[in-house]
Amino acid sequence: MVRKITSLFFFFSLTTLYAQPTPVEWYFRIEKSTPANATLVCTAVIQPGWHIYSQSMSSEGPLPTSFDFEKSPDYLFEGPMIEKNKAYSFYDSLFNMEIKWLSKVALFARPLKLLNPQAIIKGKVNYMACNHETCLPPQQQEFFIQAH
């Protein structure tokens, strides 16, 4: 019995030690303006003290946020993914470049034409979350959302 308790304590200690925080939650929705015209809206809710990097930043430094989409005959994108928030920008001497980041809530939108009113948009968002002490390894969040 003591051995089981010790093993459980050791397991939970390791789990806590290696558990990573999840400072970014992603939400996805489709906003229709007409039955055939819509906008894919991707929202990152970022915990206080954390940030993600702008998609309009060079890939020479920290990982910029990026989106990859599966191709489908059910929809066509009608423009690029647009960052709706103004990114905080500063020169970082460590990377020798301009750094841009988003905090609190980051909104991204991409217009699309629905060729099928029940289209399913599938993709992945790649991002890196950092605070003033550390950066987490790059993350990938898969998503799919159906138009209604």
Side-chain angles (χ1 to χ4, degrees), residues 8 10-148:
L8 282 173
F10 181 72
F11 173 77
F12 286 117
S13 296
L14 282 177
T15 303
T16 303
L17 180 65
Y18 291 105
Q20 299 227 352
T22 54
V24 181
E25 293 290 329
W26 286 92
Y27 301 92
F28 306 91
R29 68 181 187 276
I30 296 174
E31 295 178 352
K32 285 188 176 181
S33 51
T34 69
N37 295 310
T39 302
L40 171 64
V41 179
C42 305
T43 305
V45 177
I46 306 162
Q47 289 183 6
W50 289 86
H51 59 268
I52 62 174
Y53 293 96
S54 171
Q55 65 178 358
S56 64
M57 206 173 70
S58 166
S59 60
E60 306 270 323
L63 179 73
T65 300
S66 65
F67 295 85
D68 298 313
F69 298 95
E70 287 186 18
K71 293 186 183 212
S72 171
D74 292 340
Y75 60 86
L76 296 171
F77 285 112
E78 295 194 311
M81 182 66 82
I82 299 167
E83 221 167 80
K84 303 297 266 182
N85 305 75
K86 181 171 174 47
Y88 174 74
S89 181
F90 68 97
Y91 182 80
D92 187 314
S93 58
L94 177 66
F95 289 106
N96 196 29
M97 63 182 284
E98 190 77 12
I99 300 288
K100 297 178 184 177
W101 77 45
L102 302 154
S103 59
K104 298 179 184 172
V105 175
L107 293 171
F108 302 88
R110 189 165 187 188
L112 58 110
K113 180 165 294 287
L114 297 172
L115 305 174
N116 173 350
Q118 300 296 314
I120 296 175
I121 292 95
K122 293 180 184 180
K124 298 174 190 165
V125 58
N126 302 291
Y127 66 98
M128 190 165 77
C130 297
N131 64 20
H132 69 281
E133 295 175 353
T134 189
C135 287
L136 298 178
Q139 302 290 308
Q140 186 176 80
Q141 172 76 47
E142 293 185 17
F143 63 90
F144 71 94
I145 185 161
Q146 183 173 17
H148 292 106

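What you are looking at is a predicted structure, and each value in this text was computed from that prediction instead of being measured. Nothing fancy with the numbering, it's 1 onward along the sequence.
Counting heavy-atom neighbours within 6.0 Å of Lys122 NZ, excluding the residue itself, gives a total of 12 or less. Within 6.0 Å of CZ in Phe90 there are more than 12 heavy atoms belonging to other residues, nucleotides or ligands.
Judged by distance alone, the side chain of Ser72 and the main-chain N or O of Asp74 form a donor-acceptor pair under 3.5 Å. Using modelled atom types, no side-chain atom of Gln118 and backbone atom of Asn116 make a donor-acceptor pair closer than 3.5 Å.
Residues Glu78 and Leu112 fail the side-chain proximity criterion, which asks for heavy atoms closer than 4.5 Å. Using a 4.5 Å heavy-atom cutoff, the side chains of Tyr127 and Pro138 are not in contact. In this structure the side chain of Phe67 reaches within 4.5 angstrom of the side chain of Phe108, judged on heavy atoms. Contact check for Leu115 versus Leu76: side-chain heavy atoms found under the 4.5 Å cut-off. With contacts defined as side-chain heavy-atom distances shorter than 4.5 Å, the pair Tyr91/Ile99 does not qualify. The closest side-chain heavy-atom distance from Val125 to Phe28 is below 4.5 Å.
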Stepwise side chain to side chain contact (heavy atoms under 4.5 Å, CB included) check, Ile145 with Leu40 = CA-CA 9 Å; Ile145 185 161; Leu40 171 64; 4.0 Å; yes
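With hydrogens and angles left out, the side-chain atoms of Asn37 and Lys113 include a donor and acceptor closer than 3.5 Å.
Using a 30° and 60° split on the angle between ring planes, Phe69 and Phe77 fall in the tilted class, from 30° to 60°.
Minimum heavy-atom separation, Ile121 to Tyr75: CG1-CE2, 3.7 Å. In plain terms, the two heavy atoms of Glu98 and Met57 that are nearest each other are O-CG, 3.9 Å. Nearest heavy atom pair, residue Ser89 against residue Lys100, reads OG-CG, 3.9 Å. Considering all non-hydrogen atoms of both residues, Val24 and Ile52 come closest at CG2-CG2, 3.8 Å. Heavy atoms only, all atoms of each residue included: Ile46 and Leu102 are closest at CD1-O, 3.6 Å. Across Val45 and Tyr27, no two heavy atoms sit closer than the pair CG2-CE1, 3.7 Å.
Within the structure, the ring pair (Phe, Tyr, Trp, His ring centres under 6.0 Å) test picks out the following pairs touching residues 33-52 (sequence neighbours left out): His51-Tyr53, His51-Trp101.
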Using distance only, find each side-chain donor-acceptor pair of residues 81-88 under 3.5 Å and give its atom names and separation, not counting sequence neighbours.
residue, atom, partner, partner atom, Å
Glu83, OE1, Ser54, OG, 2.9
Glu83, OE2, Ser54, OG, 3.0
Glu83, OE2, Gln55, N, 2.7
Asn85, OD1, Leu107, N, 2.5
Asn85, ND2, Val105, O, 3.0

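Note that the CD atom of Gln47 and the OG1 atom of Thr22 stand 6.0 Å from one another [nearest 0.5 Å]. Rounding to the nearest 0.5 Å gives a distance of 7.5 Å between CD of Gln140 and CG of Asp68. Going from atom CG of Leu136 over to atom CG of Leu63 covers 12.0 Å, rounded to the nearest 0.5 Å. Note that the CD atom of Gln141 and the OG1 atom of Thr65 stand 12.5 Å from one another [nearest 0.5 Å].
By the 4.0 Å N-to-carboxylate-O rule, Glu31 lies close enough to Arg29 to be salt-bridged with it.
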